[in-house]
Amino acid sequence: MAWVSGVLMHYLAVLHLDNDTALKRQLRLPATVVAHKDKLKMYNEMKHTLFLLIGLVILGSCANEKDGMQKEQQSGFLDNPFTPIMDMNNWTIGCEVLDRDFANYHMYKQYLDSLGCKTGRLQAGWAKTEQTKGVYDFKWLDEIVDDMLSRKIRPWLQLSYGNPIYKGGGDRSLGGGFPTSKEALQAWDNWVRATVTRYKDKIDYWEVWNEGNLNTNNDPSVYADLYIRTSEIIRQIQPQSQISALALSQHGIEFADQFFEYLDSVNKINLVDEVTYHPYEVTPEKSYTGANELKEIIAKYSSSIILKQGENGAPSTSKTSGALSGYNWNEHRQAKWVLRRMLSDLGHDMPSQVFTIIDFNYPAGEFTTGWNTKGLLKADRSNGSVEYKKKSFVAVQNLTSVFDNQIERLDKVDYSIDISKVKSESQYLLQEDNFFSLYGYKDSESQTSFVVLWLGGEQADIDTDTLTVDLKINDLKIKNPVLIDLLSGSYQTISLNNYSIDKQSVEIKNLPITDWPRLIADIKLVK
């Protein structure tokens, strides 16, 4: 009986495939391309007959199954679809340092298509664009912006770093000073005006400077003045633009407080739409105490300003430069960290950025020097080309194939966890406040709910990276449960021996919890 059903289902699947075969094999059709389903209308009559026949087969084969749930184990791999439509999702991919030629966009641009992030962060590079006073060469940036748009990725442009061709023009690198002289500030204004005018029909999101608080000599009021003059120029040219402030190194609580206090004193709070911060933590779940402090500061002045995680990543090697370089890393740990950061941010309703697309090299004389291995792509150190996709690249693909703009977070998930089966040597894990992360979501396309869960509280690859628990989730009915591994992209149905449904609740016995995110969902999410 089973083989008959399989043959019929295969035949039906063939009928579904037309010139949009790749599109139909996606995990789910985004709302913006649902119209493609009309192309299959011509097959409806044939499908109707087949459905009747298949229904008879399935009824016979399911007669001995418990409550209509699947009897045989099923497994497979997620698709990693690219939908060439400019949908939004929660994540931006970092394409920084092109303004200083530390990386080459054209070496990796073709990899952006399949990654799934719908926005990309760029730095506009005053010093690269204006190398002769009053002369702007935008050719390098034109090529990047136009190529991103052709790939249906929205560029997010940061106006940043100084220009040493002007006395008092500030530094052109990370941790540098702001332009301060009268001539340099006028030149800055001119460049900002030229840049916004040039891209106003292509870019509507602007960020002013990068990690100004990293240099302890930088005064928050000086940055505030620079922000005001820059934002006013942007708004004059593009009134409906979105403008982001601060781009803080870590949480920068004191710097942010003084910045807002200054803006409030001159009645300029209205110039800020968003605040970005860069919370580099070896354990990403621990960064939200600082985030909440930032939110409290912002709330004193505005109820509409959004806090966004604007830059964050983890290295893939121990010998690396930049943030988090003092810890033991490999590509496996990096991939786990990236998933945990992305889904922690999503669980806190926070827009989020992945830093960065490819490894790059800080040359001598910079704030830090050497190769920064936070890329999702491994760079060939001889020429900067792509050597291969790291595990983190594939992990991001797996995540974006599930979490698109059709996913809605559930406000609350009522669950209980029995840790009595946890081995005594693993008890130290449970002393951490964030040892266990669980968030619930609803997919508006399939109308199914699911949860994502993992062990937090420690760096990825802890000594014991799985704990076996019993988990009960209320108000979440999953008829045919499947466990989806976002690290590998694999899924497998959960044994009915360990799974039970009671009204609107599900209970899973002997569930291994890993230190990277996995999903408990209905198999409809992957079929």
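- Remark: Glu96 engages Arg121 in a salt bridge (charged side-chain N to carboxylate O under 4.0 Å, His left out) (not counting sequence neighbours).
- A donor-acceptor pair shorter than 3.5 Å cannot be found between the side chains of Asp443 and Thr448.
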For residues 290-297, tabulate all N or O donor-acceptor pairs below 3.5 Å that involve a side-chain atom, not counting sequence neighbours.
from	atom 1	to	atom 2	distance (Å)
Asn292	ND2	Tyr288	O	3.1

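- For Arg100, the side chain to side chain donor-acceptor pair (under 3.5 Å) test picks out Gln123, with sequence neighbours left out.
- Sorted by first and then second residue, the salt bridge (charged side-chain N to carboxylate O under 4.0 Å, His left out) pairs involving residues 242-251 (not counting sequence neighbours) form an empty list.
- Looking at residues two or more places apart in sequence or on another chain, you find a salt bridge (charged side-chain N to carboxylate O under 4.0 Å, His left out) between Asp146 and Lys202.
- Residues meeting the side-chain contact (heavy atoms from CB on, under 4.5 Å) test with Thr276, sequence neighbours left out: Trp156, Tyr205, Glu207, Ser244, Ala247, Lys308.
- A tilted orientation is assigned to the rings of Trp454 and Tyr439, their planes being inclined by 30° to 60°.
- For Ser150, the side-chain contact (heavy atoms from CB on, under 4.5 Å) partners at least two apart in sequence or on another chain are Asp147.
- Nearest approach of Phe360 to Ala103, heavy atoms of both residues: CB-CB, 4.2 Å.
- With sequence neighbours excluded, the residues that form a side-chain contact (heavy atoms from CB on, under 4.5 Å) with Ala245 are Tyr223, Tyr227, Phe259, Val272.
- Counting all heavy atoms, side chain and backbone alike, Arg518 lies closest to Ile513 at NH2-N, 4.4 Å.
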Practice problem: Check step by step if side-chain hydrogen bond (donor to acceptor under 3.5 Å, both in side chains) holds for Ser318 and Asn328. | Solution: CA-CA 5 Å; Ser318 295; Asn328 186 21; 2.8 Å; yes

Exercise. Could you please spell out the steps behind the salt bridge (charged side-chain N to carboxylate O under 4.0 Å, His left out) verdict for Arg333 and Glu331?
Key: CA-CA 5 Å; Arg333 285 184 171 183; Glu331 292 187 15; over 6 Å; no

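- Applying the side chain to side chain donor-acceptor pair (under 3.5 Å) rule to Tyr199 yields the partners Asp142; only residues at least two apart in sequence or on another chain are considered.
- Looking at residues two or more places apart in sequence or on another chain, you find a salt bridge (charged side-chain N to carboxylate O under 4.0 Å, His left out) between Asp349 and Arg409.
- Side-chain contact check for Tyr280 and Glu311: at least one donor-acceptor pair (N or O, by modelled atom type) lies under 3.5 Å.
- In this view, Asp219 and Ser221 satisfy the side chain to side chain donor-acceptor pair (under 3.5 Å) rule, not counting sequence neighbours.
- Of all heavy-atom pairs between Ala323 and Pro315, the closest is O-CG, 4.0 Å.
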Practice problem: Starting from the C-alpha separation in whole Å, work towards a yes-or-no answer on side-chain hydrogen bond (donor to acceptor under 3.5 Å, both in side chains) for Glu281 and Ser287. | Solution: CA-CA 7 Å; Glu281 295 277 358; Ser287 66; over 6 Å; no

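- What you find for Trp91 and Cys117 is that their closest heavy atoms are O-CB, 3.7 Å.
- Every residue two or more places apart in sequence or in another chain that forms a side-chain contact (heavy atoms from CB on, under 4.5 Å) with Ser302 is listed here: Ile269, Ser304, Ile305.
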